[in-house]
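Below is one structure, written out as structure tokens; comments come after it.
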Amino acid sequence: MIRRIKIFSIDKFKTKQKMFKVAFAGTIAAAVLSGCSSRFGSYETHIDTPVTYETNVDDYANNMTNTYEEIDLGKYNSLIGTGAYLDSEDVASEIANIDNIKVTYAGSETFGIDEALANYSKVDRSDNSSNFSMTTDELVKIVKANNSKYLQETGTKYYEELKDKDLEQICTYIMNTVNYQTSKTNISTGNLQNKLNNLKVLSYSSFGYAFNNPAEDIIAVNMKGIDSIDKDNALERIISHESNHFLQADQKGDSYEYGYGTGYRFNDGNTGMQNEFLYEVSAESMAMEQLNDDGILLYENALRGLNAIKSSYILSGDALELEHLSFQNDINKVYDYFNCETEEDKMEILNMLNAYNLTKDFPSAKEYFEAQNMNTSAKEEYKNSLSSSIATTLSKNFYKDLAHKLENRNDYLLKDVFSVVRMQEMSVIYDRSGNSEEFVANYNVMQDELFNDIAENMGVDYQDIKSAYMEYVNSMTSYQPSSLLSEEENNYMNKLYNSIGGYVNTNTFSVQSEYTHKM
């Protein structure tokens with residue numbers, strides 16, 4: 001019998017009920033993925049997304065030993081080389097039991113999701129941003145004319161003209177990003193032709209390095225600040241990042257001032273809790289992918305969250321497309337990515353994305369905590385609870401996907417299962433999300449049930465599977481590819497492993513047996 005635990009009921013936070021009932025000004029105009037003007041953050045780090053490859057998964061699995069050193073598990077070598085599968089009855093039981101683990105995001109009533117969705121339903125999203133015709137030379141001419149007209153009409157002293165050579169270089173980088181992203185995915189956030197025709201690229205010098213202002217169709221660049229960065233391609237990286245924001249953003253509409261992804265700032269000024277997590281971290285991740293640049297720049301902490309999501313959804317088939325959600329103004333694309341089947345599933349994902357925004361310390365999160373009147377101790381306790389809820393949501397999906405992947409298949413080996421399980425664990429731990437007894441207990445319930453069903457189908461003792469996995473974890477000194485994944489996905493996981501290094505080698509949920517509940 002398995003003991004189920006309901007994660008983070010609001011009752012746990014009864015003493016802080018007042019702080020959750022303080023309404024943050026407005027509603028969450030972000031229909032949860034975004035919703036405010038871009039703010040350039042402090043420099044951090046990123047894991048690059050690999051180039052797409054076409055491959056036959058079975059052929060790739062057969063060749064894995066040619067490129068990776070195999071783990072020697074001694075007496076368990078034969079066991080991990082055995083086929084691991086689940087029958088349909090096993091899968092149905094596991095899915096049902098996972099669904100019984102209810103994740104409650106404490107204080108989620110202050111997120112304003114219902115209001116955001118009500119406002120979002122009124123937005124006209126008919127434009128397709130991928131339809132455009134523009135060369136770099138044409139853009140330079142258009143931008144110069146727009147700049148001159150804007151500065152004359154507004155008389156602003158905040159912005160200034162850029163030097164011609166700088167403007168031409170920046171417009172080249174903008175068009176490089178536009179062409180790159182529109183060749184990779186359909187972009188639905190606004191009319192791209194119209195946005196390009198109205199674009200201004202201006203200089204400023206007050207803070208940071210650059211920002212995108214969608215309300216006025218401006219990409220602003222602090223050349224002096226960028227020149228101070230000790231990195232050869234700093235300007236290109238930053239302009240690529242801001243160009244991704246330009247693509248994410250929607251211009252003014254009848255009911256809103258501007259939008260990012262599925263989030264909008266409405267005409268009455270309502271923004272609610274601005275969710276910067278996905279559109280900021282996606283902009284940086286895609287800039288690094290485009291330029292094939294693994295250097296340290298923006299949002300290290302947030303990128304850990306992005307990678308935790310990807311590794312937890314890696315078995316869904318489109319996990320590496322996560323960043324492209326920031327170019328979509330259709331919330332159903334978000335629900336599809338996260339495998340939402342019920343209204344409860346949708347709300348859990350929207351809560352998770354809001355929680356990520358709060359745990360990653362974006363400027364809007366600071367505003368939120370100030371509005372909730374939380375002191376430092378209360379804020380950290382609350383963030384820890386949200387992090388553990390995030391980890392549970394991610395892990396639930398991972399084990400569902402893994403169960404489906406193994407259903408009535410006999411061509412996946414136990415070591416293939418161990419590989420993806422360990423990488424999901426590592427990324428969640430590295431994201432600092434697996435730090436509560438409640439989460440660990442629920443995580444081990446999901447893992448134990450999977451291992452037990454595999455053991456029964458193999459005709460071996462459950463403890464042998466558990467011990468083999470623990471030995472696998474202790475012996476793992478490099479990423480071990482899995483035939484459950486494509487070559488592109490394995491390359492991604494290998495990069496993720498290398499970025500984490502030995503950080504979590506001694507931290508695994510599975511060996512914390514005191515939190516495992518099974519008869």
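In this chain, residues are counted from 1 in sequence order. Computed from heavy atoms alone, side chains included, the values below leave out hydrogens, waters and symmetry copies.
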Original post:
Considering only heavy atoms from C-beta outward, does the side chain of Glu487 approach that of Asn491 to under 4.5 Å?
Top reply: yes
Original post:
Side chain of Glu348, backbone of Val103: donor and acceptor closer than 3.5 Å?
Top reply: no
**OP:** Please list, chain by chain and in numerical order, all residues satisfying side-chain hydrogen bond (donor to acceptor under 3.5 Å, both in side chains) with Glu343, sequence neighbours excluded.
**Re:** Lys346
Original post:
Just checking, any donor-acceptor pair under 3.5 angstrom between side chains of Tyr256 and Asn119?
Top reply: no
Original post:
Asp164: what forms a salt bridge (Lys or Arg N to Asp or Glu O under 4.0 Å) with it, not counting sequence neighbours?
Top reply: Lys144
Subject >> Exam field: side chain Ser316 to backbone Asp318, donor-acceptor pair closer than 3.5 Å >> reply: no
Original post:
Do the charged groups of Glu323 and Lys310 touch, with an N to O distance under 4.0 Å?
Top reply: yes
Original post:
With distance as the sole test, does Asn498 use its side chain to make a donor-acceptor pair with the main-chain N or O of Asn494 at under 3.5 Å?
Top reply: yes
Original post:
Can you check whether Leu350 reaches Ile331 side chain to side chain, under 4.5 Å on heavy atoms?
Top reply: yes
Subject >> Listed partners of Glu236 passing salt bridge (Lys or Arg N to Asp or Glu O under 4.0 Å), at least two apart >> reply: none
**OP:** Please identify each residue that fulfils side chain to side chain contact (heavy atoms under 4.5 Å, CB included) with Asn375, with sequence neighbours left out.
**Re:** Ser377, Ala378
**OP:** Only one of Tyr299, Phe369, Tyr279 passes ring-ring contact (aromatic ring centres under 6.0 Å, His included) with Phe362; say which it is.
**Re:** Tyr299
**OP:** State which residues pass salt bridge (Lys or Arg N to Asp or Glu O under 4.0 Å) with Glu138; sequence neighbours excluded, sorted by chain then number.
**Re:** none
Subject >> Short side-chain to backbone donor-acceptor contact, Asp431 and Gly305, under 3.5 Å >> reply: yes
**OP:** Taking the six-membered ring for Trp and the full ring for Phe, Tyr or His, determine whether the centres of Phe111 and Tyr105 are under 6.0 Å apart.
**Re:** no
Subject >> Partners passing side-chain hydrogen bond (donor to acceptor under 3.5 Å, both in side chains) against Asn244 (at least two apart in sequence or in another chain) >> reply: Gln181
Subject >> Pairing residues for Ala215 by the side chain to side chain contact (heavy atoms under 4.5 Å, CB included) criterion, not counting sequence neighbours >> reply: Asn213, Tyr258
**OP:** Please test Glu276 against Val281 for side chain to side chain contact (heavy atoms under 4.5 Å, CB included), starting from the C-alpha separation and ending with a verdict.
**Re:** CA-CA 8 Å; Glu276 297 162 276; Val281 74; over 6 Å; no
**OP:** Kindly say whether Cys340 contributes a backbone atom to a donor-acceptor pair with the side chain of Tyr337 at under 3.5 angstrom?
**Re:** no
**OP:** Not counting sequence neighbours, which residues clear ring pair (Phe, Tyr, Trp, His ring centres under 6.0 Å) with Phe398? List them please.
**Re:** none
Original post:
Are Gln328 and Thr189 linked by a side-chain donor-acceptor pair shorter than 3.5 Å?
Top reply: no
Original post:
Do Lys122 and Asp254 sit within salt-bridge range, that is, some charged N less than 4.0 Å from a carboxylate O?
Top reply: no
Subject >> Test: Asp401 and Lys396 ion pair at under 4.0 Å >> reply: no
**OP:** For the pair Thr104 (side chain) and Ala106 (backbone), establish whether a donor and an acceptor sit closer than 3.5 Å, ignoring hydrogens and angles.
**Re:** no
Using a 3.5 Å cut-off and no angle test, enumerate the donor-acceptor pairs between side-chain atoms of residues 218-227 and protein atoms at least two apart in sequence or in another chain.
unit_1 : atom_1 : unit_2 : atom_2 : d
Asn222 : OD1    : Lys224 : N      : 3.4
Asn222 : OD1    : Gly225 : N      : 3.0
Asn222 : ND2    : Gly208 : O      : 3.0

Subject >> Salt bridge Glu425-Arg422, side-chain N to carboxylate O under 4.0 Å >> reply: yes
**OP:** Can you sort out the partners of Ser282 under side-chain hydrogen bond (donor to acceptor under 3.5 Å, both in side chains), two or more places apart, ordered by chain and number?
**Re:** none
**OP:** Inspect the contact between Arg237 and Glu284 and indicate whether a charged nitrogen and a carboxylate oxygen are less than 4.0 angstrom apart.
**Re:** yes
**OP:** For Tyr173, enumerate each residue passing the side-chain hydrogen bond (donor to acceptor under 3.5 Å, both in side chains) test, keeping only those at least two apart in sequence or located in another chain.
**Re:** Gln169
**OP:** For the residue pair Tyr180 and Glu289, confirm or rule out a side-chain donor-acceptor distance under 3.5 Å.
**Re:** yes
Original post:
With distance as the sole test, does Thr110 use its side chain to make a donor-acceptor pair with the main-chain N or O of Gly107 at under 3.5 Å?
Top reply: yes
Original post:
When you check the side-chain N and O atoms of Tyr150 and Glu216, is any donor under 3.5 Å from an acceptor?
Top reply: yes
Original post:
Should Met352 and Leu394 be marked as a side chain to side chain contact (heavy atoms under 4.5 Å, CB included) after you check the CA-CA gap, both sets of side-chain angles, and the distance that decides it?
Top reply: CA-CA 9 Å; Met352 182 188 77; Leu394 296 179; 3.6 Å; yes
Original post:
Can you name the ring pair (Phe, Tyr, Trp, His ring centres under 6.0 Å) partners of Tyr399, sequence neighbours left out?
Top reply: Tyr443
